[in-house]
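Heads up, the thing below is written out as structure tokens.
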Amino acid sequence: GGGDKKNKAQICNTQWRPYVIASAVGATVVAGALFYNSFRAVVHDNVPLLAPKELSFFTGHLRRVMRCTEAIDDTFQEWLYQSMKAMDFPPIACMSLPVMNYVFLNDPKLIKQALEDNHADIIRVDRDVEIYEPLLGHGIFTSNGERWKFHRKIASRMFSMRNLKDFMYSITVESTQGTIAKLKTLCHEPQQQFIDINDLLGRFTLDTFANIAFGVDLKCVDMYPQSHAFGEAFDDLVYRLDQRTMNVFWKLGRVFGSENERAIAQDHRIITDFVYDILDRQKQSHFCDADDSVNAKYDLLTLYQKHNADLSREDLKDIALNFIIAGRDTTRMLLSWFIYELCDEAKNAAVKQKIYDEIDAYANSNNSSKPPSYRDFVTGFRYLEGALCETLRLWPSVPIVGRVATKDIQVRDVANEKTYVLRKGDACFASCYAMGRNPKLWGDDVMQFKPERWGEKGLYTFD
């Protein structure tokens, strides 16, 4: 009896084995197909393809993008610009990557339609919000919807206040004078073989914006070339969070404590402790009333607390750090590239001399050693303003701006009588770097550093 049962079981197993194998193979095929359809790069259905010769079947443009480096002629922005140039600068083009299409808008009119007219339907990428959370928290740069409106409403109201403008300007003048004094000292030190101007300008902007945000002078410039704990942690955290964007497995690194993730945690702790220490000290201080008195001075955190006393320490930290990163690195990069252009004697010696002449003319007309007022800069120094605008055109501090479409969005290229559809889930970008070098927008002299092109209305010439 026992032998018969065993034989029957073996026969049964033998009969079912082909079905089990077939099911396993089928499940594998289905899983593979789902993976293939979910993760392979797909060409956009109605937007022209960028750099078609560099497209791989499964990964799209990923391999080419990953070959980009930090060298000035091999960055991602430079590759994007050269690819646009090879296509004669189309108004719109799509880079294909696994999981998501990256649509680049190269016409200001299309950018307005997508990013401004459809603001509610094109939001920040959740992935980027999570990546930069250790630095930006839930501030204005990582917020969407109602939270973004909250930050925007308070910020716009406060930055229209005269007392804050005066405070910001006075802090900037004071920091500028201190940096110039430091440069003069360094130039007369025999052991000082060279000056890292980008580092020094980073310290200048960090001192300035931290003072505006916290009401505290970090004195990073005075410490050059020694490091400041907060400044060093801030710079290192920005760099290491950027590294996360190139690593699809960064979350695993966070779980298992990779070197980069351990450093991020340490930088975050240093920055958080520093900001919370300032906030605790501010609690014990007496804050003046927020009126519009010219003599009143307010740091950013004081004003935010007066506007909303219920803000938590974490809210205030996020607000301050978002403000610093908004002004600090953008200003540093602008000034660094500005000096880079002026140092090109072969091309821009005449530009530099005209800037000197404009400054000298102001000094001679006022017969005073008193620095220019905020109003003087707003209404005058048009050539200097044009030179700064040219710097931002060729070397934008924020070379790319992007959002993700939450539904299908139509954009109309009126000049070519074409309508494009940005699909739900598409990442939509404006490449400021590529557009700033587009001869269709700026003319055949696009690569010339020409402050005169901003002569009509300065910053608002091309509105």
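Quick note: numbers below take in every heavy atom, side chains included, and nothing from hydrogens, waters or symmetry partners. Nothing here was measured: the structure is a model prediction, and the numbers come from that model.
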Could you please spell out the steps behind the side-chain hydrogen bond (donor to acceptor under 3.5 Å, both in side chains) verdict for Ser336 and Asn198?
CA-CA 6 Å; Ser336 295; Asn198 187 55; 2.7 Å; yes
Where does the angle between the aromatic ring planes of Phe274 and Phe214 fall among parallel (under 30°), tilted (30 to 60°) and perpendicular (over 60°)?
perpendicular
With under 30° as parallel and over 60° as perpendicular, where do the rings of Phe76 and Trp79 fit, or are they tilted in between?
tilted
Looking only at heavy atoms, what is the nearest atom pair of [X] and [Y], with distance?
X      : Y      : answer
Phe209 : Ile324 : O-CG1, 4.0 Å
Leu237 : Ile271 : CD2-CD1, 3.7 Å
Met100 : Gly425 : CG-O, 3.5 Å
Ala93  : Val47  : C-CG1, 3.7 Å
Arg403 : Val401 : NH1-CG1, 4.1 Å
Asn118 : Gln113 : ND2-O, 2.7 Å

Verify, without hydrogens or angle tests, whether [X] (side chain) and [Y] (backbone) share a donor-acceptor contact under 3.5 angstrom.
X      : Y      : answer
Ser431 : Ile400 : no
Asp426 : Ala405 : no
Asn106 : Phe89  : no
His44  : Val103 : no
Lys440 : Asp88  : yes
Glu358 : Tyr383 : yes
Arg393 : Gly436 : yes
Asn364 : Asp360 : yes

Just verifying a value: how many Å separate [X] [atom1] and [Y] [atom2], rounded to the nearest 0.5 Å?
X      : Y      : atom1 : atom2 : answer
Phe104 : Met84  : CZ    : CE    : 6.0 Å
Phe204 : Ile197 : CZ    : CD1   : 10.5 Å
Leu136 : Lys317 : CG    : NZ    : 9.5 Å
Ser397 : Trp337 : OG    : CH2   : 10.5 Å
Leu206 : Ile325 : CG    : CD1   : 11.0 Å
Leu80  : Phe429 : CG    : CZ    : 10.0 Å

Side chains of [X] and [Y]: does their closest heavy-atom pair fall under 4.5 Å?
X      : Y      : answer
Leu218 : Arg203 : no
Met66  : Leu62  : yes
Arg423 : Asn101 : no
Ile195 : Tyr224 : yes
Met95  : Val65  : yes
Thr391 : Phe449 : yes
Pro48  : Tyr420 : yes
Thr75  : Cys68  : no

Identified side-chain hydrogen bond (donor to acceptor under 3.5 Å, both in side chains) counterpart of Asp235 within the set Arg240, Arg328, His228:
Arg328
Criterion side-chain hydrogen bond (donor to acceptor under 3.5 Å, both in side chains) against Ser175, the qualifying member of Asp207, Thr208, Asn211:
Thr208
Verify side-chain hydrogen bond (donor to acceptor under 3.5 Å, both in side chains) between Tyr81 and Asn438, making sure each step is shown before the conclusion.
CA-CA 9 Å; Tyr81 157 64; Asn438 185 349; over 6 Å; no
Would you call [X] and [Y] a salt bridge, taking side-chain N to carboxylate O under 4.0 Å as the test?
X      : Y      : value
Lys424 : Asp408 : no
Arg63  : Glu54  : no
Asp222 : Lys182 : no
Glu345 : Lys352 : yes
Arg332 : Asp329 : yes

Begin with the C-alpha distance, continue with both residues' side-chain angles, and end with the deciding distance and a verdict on side-chain contact (heavy atoms from CB on, under 4.5 Å) for Ile92 and Asp107.
CA-CA 7 Å; Ile92 187 171; Asp107 184 329; over 6 Å; no
Given Arg254, which partner from the list Glu261, Glu133, Glu130 fulfils the salt bridge (charged side-chain N to carboxylate O under 4.0 Å, His left out) test?
Glu130
side-chain contact (heavy atoms from CB on, under 4.5 Å) for Glu390 and Val351? Distances and angles first, verdict last.
CA-CA 11 Å; Glu390 275 293 87; Val351 172; over 6 Å; no
Answer yes or no on whether Arg437 is positioned over the face of Trp395, meaning its NZ or CZ is under 6.0 Å from the six-membered ring centre and within 45° of the axis.
yes
Please report the C-alpha distance between Arg67 and Asp74 in whole Å, then the side-chain angles of each, then the deciding distance to 0.1 Å, and finally whether the salt bridge (Lys or Arg N to Asp or Glu O under 4.0 Å) criterion is met.
CA-CA 9 Å; Arg67 291 205 306 269; Asp74 192 36; over 6 Å; no
Side chain to side chain donor-acceptor pair (under 3.5 Å) involving Arg412 - partner list, sequence neighbours excluded
Thr419
Within a radius of less than 6.0 Å around OH of Tyr356, do more than 12 heavy atoms belonging to other residues, nucleotides or ligands occur?
no
Should we count CZ of Phe377 as having more than 12 external heavy atoms under 6.0 Å?
yes
Test salt bridge (Lys or Arg N to Asp or Glu O under 4.0 Å) on Glu259 and Arg262; report intermediate values, then the result.
CA-CA 5 Å; Glu259 180 183 354; Arg262 288 199 309 270; 5.6 Å; no
Decide yes or no on side-chain contact (heavy atoms from CB on, under 4.5 Å) for Val398 and Thr330, but give the supporting numbers first.
CA-CA 7 Å; Val398 182; Thr330 52; 4.0 Å; yes
For Leu55 and His61, what are the C-alpha separation, side-chain angles and deciding distance, and is it a side-chain contact (heavy atoms from CB on, under 4.5 Å)?
CA-CA 5 Å; Leu55 188 74; His61 292 102; 3.6 Å; yes
